[in-house]
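What follows is a single structure, written as structure tokens, with notes after it.
We number each residue from 1, following the sequence as shown.
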Amino acid sequence: MKRTLLGAAAMALAVGGTIVPAHATTTAPTITTSTAAESDAATARMAWVGACEDADGVSRPCGAWRVRLRAGGTVTVAGASAVAVDARGRKADTVAAFAISGDGQWILYERAKDHRLVVRKVAGGRGTVLPASLTRKGTENLRAWLSHAGDRVLVEHGDEAVREPDKIVTVATGKIVKLPAGDDLEGFSGDGDEVLARRHNNDNTTTLVAHGLDGHSVVKVPPQVVMNASTRALSADGHTVAVLIGGNADTRMPPKLRLYDLTTDRLSAAVTLPLKPDATVYLAHWTGDGRLTVKAHTGGDEKPTVVRVLTVDTTTGAVKPADTFTVTARNYTWLTAGE
């Protein structure tokens, strides 16, 4: 779905309804338990894999991947590998690929028996095994994203020595679209029709690129505030970028949200998010119809990690709390829906 968001959204997010030029200065699988409705029982909040210490006392990923549901139950993902493999098929020191769609209905994992990528519903059932070409050179430097609806997969090969182009895969057909080499991927747009990436230039600037599945790209060198953001996310219109700016505990400034348009270079004024200044804003993702979700966490370093989920109405600027939960302790790594 293609909609122009910044025209309406920036009116809500800008001070006094004024659009601010981008470079201007502004102030401003078995379900083990289930305790809720069926829809919540099949919707993931987060996933994690356990940690074990080796003979040298170094922590390594181990055990099964588990998915916590909004209903409070847990899915154990049978057959999912905890560790990645190198190009020769040997166990690597890195965690295996895993992802959850933005709607929380789908997961992607690395199959233990052959390290092929598999997409399946959180609720279980038969999964779709993706083409073997995606993992033929190992998975230790591979990162994968699911689109919001779980119908497409984005695969990034982080090892330059592998010289493997990044790819978009349509789950239902296995069709692969290759992306230009040299870009650092940031994830899907809200409808999965585009991918946001950044490109480092020889003049020490950074370009943001929205790659379309049809081969069309929108390219812009954005203002520094956009590139210094904690995280960014591309909307379904293919050119509006949510820009999440980290808070500052010393100045007691909470995190803020702005919208940037890749086609017009316009940047909205900031909206202050209802989060503590020390909250880490680590993720944003859009739906296909233009709704924005923002996630932040606090704690860590011997304190429980608490995730807070906000929804933002970009037509009115209203921000509402949607969920709060504590991350499972004793994990090697964890992730939430949209990662």
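In this structure, the side chains of L292 and L257 come closer than 4.5 Å at one or more pairs of heavy atoms. Contact annotation: the side chain of V83 never approaches that of T94 to less than 4.5 Å [non-hydrogen atoms, C-beta and beyond]. Annotation: side chain of L283 is in contact with side chain of H285 (closest heavy-atom distance under 4.5 Å). Contact annotation: the side chain of L208 approaches that of M227 to within less than 4.5 Å [non-hydrogen atoms, C-beta and beyond]. Using a 4.5 Å cut-off on side-chain heavy atoms (C-beta onward), R232 and V226 make contact. Residues V77 and F98 are in side-chain contact: their nearest non-hydrogen atoms beyond the backbone lie under 4.5 Å apart. Between R308 and F325 there is no side-chain heavy-atom pair separated by less than 4.5 Å.
Here NE2 of H148 is found 10.5 Å from CG of D191. Values are rounded to the nearest 0.5 Å. From T170, atom OG1 reaches atom CD1 of I168 across 8.0 Å, with rounding to the nearest 0.5 Å.
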(message) Could you go through H297 and Y282, starting from their C-alpha distance and side-chain angles, then the distance that decides it, and tell me whether this counts as ring pair (Phe, Tyr, Trp, His ring centres under 6.0 Å)?
(response) CA-CA 8 Å; H297 65 75; Y282 70 95; 5.3 Å; yes

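Using modelled atom types, one side-chain atom of D86 and one backbone atom of R90 make a donor-acceptor pair closer than 3.5 Å. Formation of a donor-acceptor pair under 3.5 Å by the D166 side chain with backbone atoms of H157 is found in this model. In terms of modelled atom types and a separation under 3.5 Å, the side chain of E156 and the main chain of L185 share a donor-acceptor contact. Distance alone, capped at 3.5 Å, places no donor-acceptor pair between the E110 side chain and the L117 backbone. Checked by atom type and distance alone, the side chain of D261 never pairs as donor or acceptor with a backbone atom of D265 at under 3.5 Å. Side chain of R116 to main chain of L130: a donor-acceptor pair is present (N/O by atom type, distance under 3.5 Å, no hydrogens or angles).
Shown here for K167 and L134, the closest heavy-atom pair between the two residues is CD-CD2, 3.6 Å. When all heavy atoms of I100 and L146 are compared, the pair lying nearest together is C-CD1, 4.1 Å.
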